[in-house]
Amino acid sequence: MATERYDAPAREKHWQQVWNEKGTFRTKDIRTKDKSGKPKRYQLEMFPYPSGRVHMGHVRNYTLGDVMARYMRAKGFNVLHPMGWDAFGLPAENAAIERKVHPRKWTYENIDTMRSQLKAMGLSIDWEREFATCDPAYYVHQQRLFLDFLKKKVDGEPLAYRKTAKVNWDPVENTVLANEQVIDGRGWRSGAVVEQRDLTQWFFRITAYAEDLLQALDKLQPTWPDFVCTQQRNWIGKSTGANMRFALEGRKLPKKLQALEVFTTRHDTIFGASFMAISAEHPLAAHLAQKNEELAAFIVECRKIGTTEEALAKAEKKGWDTGIVAVHPFRPDVKLPVYVANFIVMGYGTGAIFGCPAHDQRDLDFARKYGRPVVPVVLPPGADAATFNIGSEAYVGEGTLINSEFLDGLMIEAAKDKMASLLEDRGIGERKVNYRMRDWLLSRQRYWGCPIPVIHCGTDGIVPVPVEDLPVKLPDDVTFDRPGNPLDYHPAWKHVTCPKCGGAAVRETDTMDTFVDSSWYQFRFTAPNAPTPTDKKALKYWAPVDQYIGGKEHAVLHLLYARFFTRGMKATKHVTFDEPFTSMFTQGIVVHETYRSENGDWLTPAEITIEGDGINRKATSITTGRPVEIGAIEKMSKSRKNVVDPDDIIASYGADTARLFIVSDSPPDRDIIWTDGGVAGASRQVQRIWRIIDQVVERNGKRNSKSPSFGPEALALRRAAHKTLNGVGQNIEALRYNVAVAQIYELTHALSGAMDKSGEGLDWAIREAGEFLVQAIGPMMPHLAEECWARLGYNTLLAEQPWPAVEPGLLVDDTVTIAVQVNGKRRDEMTVARSAGSGEIETAALRLEAVVRALEGRPVKKVIVVPQRIVNVVV
RNA sequence: GCGGACGUGGUGGAACCGGUAGACACACAGGACUUAAAAUCCUGAGACGGCGACGUCGUGAGGGUUCGAGUCCCUCCGUCCGCACCA
């Protein structure tokens, strides 16, 4: 019996079945059934897109979350740990086009596959709360939220609204493309040159919360990764400055265009202004272009470089002199020529600037090219006003104002303040805060998404679909045999009667961006069957999510959208708080070596064998026997073929091995290199623990009896066991799983070391340490833990056991080993009683032979004693 | 260009508040068991010098603060990520 190998794949199926039958991980409905009075813990990982099969990134994500969920359950929390599917999206439509399979069928087949794969991982998930966002039972509530956002006004404007926006239009596919579908200015599928078209689109007014989303980051910072907070701050892009208006001269202009408004953060430098520049899309440019073909051509040219970002950043600054001039507001005799310039973006500020070349690099480049004057108005500290000159680099640092009349001598901030007040007094400008973030464009001209529940009526305009008519369901009978949005050319679906006047009307055929689906799913899990989007009681108990875990790639969009949506749902009375995720953790990716055959084809790890090690490692193709080049370690991807299928690992080694590999060695937030060697190592550990527990059982210690007195061996083992359990718990809570695993290994060493000893109370201690070991591995290797628990003679489930209480007295040793330094250099160490005082330690240290030798007879100047830590003898 | 993160043995990594750098693991070497191998167990190991006790050096580089720095401060180098003409 003792030498039997643990058959992980078989036993794992068994325990999964037991958990399933007993409903071990089913979370009780808080509204009716749970009366436990336990504190709650909501553990959530980003739900997957059902792309087809589970990949290692999923395995990592859900393992990390499951360890936390299982640990918290053992710690006495009432845990909510749900799973669902981010099921709308473009790949389903691509599959429909390429393989003639309906998006719904494709999606649900993938969900079935992936659900069974996730179940094989042994995740402690309440599968009864599962939902897919493509289910009308889910999106009906999303449509309701949309209608509430449509109605709700924040600062006088509705949260959902329509306006025209530029979209990427593929003239061959006859459809709108997402930015990532535009490659080098061409449609990814058709290869046609993409046009910019104006379409009326739906938006969420996320900018209404720009300031709040920014401010609240300070409160999230301690429990969110720094980089996520900084990226969100940059994305929101707050800048404080002023709007100012310039009178225009030189041509007859319509009233609206007679003044040019600019946004600036450097209103202090107005006396250094030497030109004005407006965007090619500015109304003034459009107006002038009507009667000027040359300008019209220039505008078209500007628009072209707008498609590739790389070119955009490097493109040479170009301008077109309109012949119009702006009057300097403080020096009426100074006229500033107005250019249409390719580096001014319409979407930011007012789409127009005044150029101050001395203190802005872009303006300087432009001024040098078009021969505009460069007058410094800020003098760096210590520089001489008479000789200070701008060369090829603009001065953007601190300093005092010069050449600026009434601003002279002021520091930049003071000058800005004075200038802003002056603008306001004169009525030609005002203080202004600008944000880079734009409103969230949620319209998608796609079939496989949540329909936007409005109706367009010739007489009543935009009419919301009445709540009782929801959901607006997607029609099933659609075809993908021609380009464009199937909803648009469906023969019947969009034709309806107007809910207001009863006349003929048409449905909105746009569907929602799938980021909408994932912006509130975390709340739906708290009451997945509620008749309203959220259930007050359930939400009050469970929300917000205590620990959210997911990929770094969602640092901005998904997390920012979810934060906005929570605010919107608060404004519409669906939730009572602002932030959806109390604590956020971003995991690293799974990477693997790449392999290429002689003719450059990528090969999968399964198609090759490797021999040797270090620089002698050689890879060979299994099918051809030819040498294979071992390439860089990269993110697992289908295109590089460096993928390992989780199913293969689970089938041959078991889920616990995969889970252990995921959590050992690499810190969860860093990238993890998947290697065969590492998997084999994890598998060995699984077997080692199984054997140790077997030995523990053979040893036949009893723990149910009263604790005996303990000899030194037993005491040492008990200390190790209690320290381990304590450390493992702390490290799991801090998501430092790799350190927790290392501590578990230390306990296995202590246990196997004690196994061939004997001593007073040792059998008892071995039994205790064995049980602690099983408890400690529970969150990470739950199947093995159940198997060991049963082997220890229990007929209960380990998953239902509380985390054992540690005895505080066993966490500290009676004696401590402290280092002894001479002049900061370690010379020896000594073991003293923990309670030893400074004087005692000092005398003992000075007596040490190594210390005496190092002193070389020199007089001791000072002795620094830090009890329990270190002694430093200074000479 | 701007912003962020990181840099520790052959490798992944550990080191709470500044207090014995290298826990734990992988790979490696030696040994035990075996006819042999696999599996398993034990031992060794940062580098350099020395038979040895031991000594010197050592956390990307340089400087600083301190009795004491992987940890704090400054400068530089490198890697990765995000944003990218944002006025």
Side-chain angles (χ1 to χ4, degrees), chain A residues 3 5 225-235 237-239 241 262-267 269 277 279 305 309-310 312-317 341-356 359-363 365-366 434-437 552-553 555-556 613-615 617 661 664-667 669-673 675 677-682 684-685 687-688 691 727 730-731 734 736 738-746 748-749 752 756 817-830 850 853 861-866 868-875:
Chain A
T3 51
R5 273 181 75 81
D226 284 350
F227 85 97
V228 175
C229 295
T230 32
Q231 280 183 26
Q232 293 206 357
R233 277 192 196 98
N234 293 343
W235 184 264
K238 179 179 182 176
S239 54
V262 305
F263 172 71
T264 177
T265 56
R266 293 303 301 273
H267 33 299
T269 65
S279 164
I305 50 168
E309 282 176 6
E310 201 68 26
L312 197 90
K314 286 173 191 151
E316 197 189 353
K317 295 191 175 27
N342 64 351
F343 67 101
I344 309 299
V345 291
M346 190 59 214
Y348 187 77
T350 61
I353 61 146
F354 76 75
C356 177
H359 306 291
D360 184 291
Q361 191 59 46
R362 296 157 301 178
D363 296 351
D365 294 345
F366 190 85
N434 236 313
Y435 299 92
R436 183 166 21 204
M437 181 171 66
K552 294 182 164 129
E553 67 277 18
V556 179
D613 56 77
I615 48 165
R617 280 177 88 238
F661 179 90
S664 37
D665 292 341
S666 289
D669 58 335
R670 289 209 210 162
D671 293 351
I672 185 172
I673 306 172
T675 61
V679 175
R684 272 200 298 276
Q685 294 294 346
Q687 296 296 339
R688 195 168 294 158
R691 275 195 307 274
Q730 285 176 358
N731 282 311
R736 293 146 44 87
N738 54 321
V739 187
V741 171
Q743 289 177 317
I744 288 171
Y745 290 161
E746 284 184 88
T748 63
H749 291 165
S752 54
D756 47 14
T817 304
I818 63 177
V820 182
Q821 300 179 331
V822 175
N823 277 349
K825 222 171 237 173
R826 181 186 166 278
R827 292 296 166 181
D828 203 355
E829 58 181 34
M830 59 182 191
R853 198 179 333 124
K861 206 193 270 173
K862 196 157 78 167
V863 180
I864 289 153
V865 180
V866 184
Q868 297 172 33
R869 291 217 173 268
I870 206 163
V871 185
N872 192 6
V873 182
V874 187
V875 295

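Naming convention: chains lettered A, B, ... in sequence-line order (proteins, then strands); numbering from 1 in each chain. Values below: all heavy atoms of this structure, side chains included; hydrogens, waters and symmetry mates excluded. Keep in mind it's a predicted model, so treat the numbers as computed, not measured.
A sub-4.0 Å separation between OP1 or OP2 of C86(B) and a side-chain N or O of Asn434(A) is absent. Note on Ser752(A): every side-chain N or O is 4.0 Å or more away from OP1 and OP2 of C41(B). When the side-chain nitrogen and oxygen atoms of Lys825(A) are compared with OP1 and OP2 of C57(B), one or more of them lie within a distance under 4.0 Å. Within the 4.0 Å cut-off from OP1 or OP2 of A87(B), at least one side-chain nitrogen or oxygen of Tyr348(A) is found. The phosphate of C41(B) has neither OP1 nor OP2 within less than 4.0 Å of any side-chain N or O from His749(A).
Looking at heavy-atom distances under 4.0 Å, Ser666(A) makes contact with sugar-phosphate atoms alone, never a base. Among the atoms of the strands shown, only primed sugar atoms or phosphate atoms (P, OP1, OP2) are found under 4.0 Å from some heavy atom of Asn234(A). Within 4.0 Å (heavy atoms only), Ile344(A) reaches at least one base atom of the nucleic acid. Counting any heavy atom pair closer than 4.0 Å across all strands shown, Gln730(A) reaches no nucleic acid atom.
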Steps toward side-chain contact (heavy atoms from CB on, under 4.5 Å) verdict (Asp665(A), Asn738(A)) = CA-CA 5 Å; Asp665(A) 292 341; Asn738(A) 54 321; 5.6 Å; no

What do the steps show when you test Val741(A) against Gln685(A) for side-chain contact (heavy atoms from CB on, under 4.5 Å), and what is the final call?
-> CA-CA 11 Å; Val741(A) 171; Gln685(A) 294 294 346; over 6 Å; no

Can you tabulate the close N/O pairs, meaning under 3.5 Å, that link protein atoms to atoms of nucleotides 15-21 of chain B?
unit_1: A15(B); atom_1: OP1; unit_2: Arg736(A); atom_2: NH1; d: 3.2
unit_1: A15(B); atom_1: OP1; unit_2: Arg736(A); atom_2: NH2; d: 2.4
unit_1: C16(B); atom_1: N3; unit_2: Arg869(A); atom_2: NH2; d: 3.4
unit_1: C16(B); atom_1: N4; unit_2: Arg869(A); atom_2: NH1; d: 2.5
unit_1: C16(B); atom_1: N4; unit_2: Arg869(A); atom_2: NH2; d: 2.5
unit_1: U20(B); atom_1: O2; unit_2: Arg826(A); atom_2: NE; d: 3.0
unit_1: U20(B); atom_1: O2; unit_2: Arg826(A); atom_2: NH2; d: 3.4
unit_1: U20(B); atom_1: O2; unit_2: Glu829(A); atom_2: OE1; d: 2.8
unit_1: U20(B); atom_1: N3; unit_2: Glu829(A); atom_2: OE1; d: 3.0
unit_1: U20(B); atom_1: O4; unit_2: Thr817(A); atom_2: O; d: 3.2

Filtered N/O pairs between nucleotides 38-40 of chain B and protein, under 3.5 Å:
unit_1: U40(B); atom_1: O3'; unit_2: Arg691(A); atom_2: NH2; d: 3.1

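Looking at every heavy atom in both residues, Phe661(A) comes nearest to Ile672(A) through O-CD1, 3.7 Å.
With both ends at atom C1', the span from U71(B) to G64(B) equals 15 Å, rounded to whole Å. One P atom belongs to A29(B), the other to G18(B), and the distance between them is 42 Å to the nearest Å. For the P atom pair drawn from G13(B) and U8(B), the interatomic distance equals 9 Å after rounding to whole Å.
For Asn823(A), the side chain to side chain donor-acceptor pair (under 3.5 Å) test picks out no residue, with sequence neighbours left out. For Gln231(A), there are no side chain to side chain donor-acceptor pair (under 3.5 Å) partners two or more places apart in sequence or in a different chain. Applying the salt bridge (charged side-chain N to carboxylate O under 4.0 Å, His left out) test to Asp360(A) and every residue at least two apart in sequence or in another chain returns Arg362(A). Residues satisfying the side chain to side chain donor-acceptor pair (under 3.5 Å) test with Tyr745(A), not counting sequence neighbours, are none. For Arg826(A), the salt bridge (charged side-chain N to carboxylate O under 4.0 Å, His left out) criterion is met by Glu829(A), not counting sequence neighbours. With sequence neighbours excluded, no residue forms a salt bridge (charged side-chain N to carboxylate O under 4.0 Å, His left out) with Arg670(A). Every residue two or more places apart in sequence or in another chain was checked for a salt bridge (charged side-chain N to carboxylate O under 4.0 Å, His left out) with Arg736(A), and none qualifies. Residues forming a ring-ring contact (aromatic ring centres under 6.0 Å, His included) with Phe343(A) (at least two apart in sequence, or on another chain): Phe366(A).
Remark: side-chain polar atoms of Lys862(A) are not paired, donor with acceptor, to backbone N or O of Asn872(A) under 3.5 angstrom. Proximity of a side-chain donor or acceptor of Arg5(A) to a complementary backbone N or O of Gln687(A) within less than 3.5 Å is not detected. No donor-acceptor distance shorter than 3.5 angstrom exists from the side chain of Asp828(A) to the backbone of Val820(A), with no hydrogens or angles considered.
Rounded to whole Å, atom C1' of C81(B) lies 9 Å from atom NZ of Lys552(A). Distance, Ile673(A) CD1 to U11(B) P: 11 Å, rounded to whole Å. What separates CG of Asn823(A) from C1' of U66(B) is a distance of 13 Å, to the nearest Å. Protein atom CG of Asp360(A) is 14 Å distant from nucleotide atom P of C2(B), rounded to whole Å. Rounded to an integer number of Å, the gap from CZ of Arg436(A) to P of A84(B) is 8 Å.
Syn is the conformation of G9(B), whose glycosidic angle sits no further than 90° from 0. For C54(B), the glycosidic angle deviates from 0 by more than 90°, giving an anti base.
Taking a pair as Watson-Crick or G-U with both hydrogen-bonding distances under 3.5 Å, the stems of three or more pairs touching RNA chain B are B:1-7 with B:77-83, B:10-12 with B:24-26, B:28-32 with B:40-44, B:46-49 with B:54-57, B:60-64 with B:72-76.
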Just by protein heavy atoms under 4.0 Å, how would nucleotides 5-10 of chain B read 5' to 3' in B, S and -?
-> ------

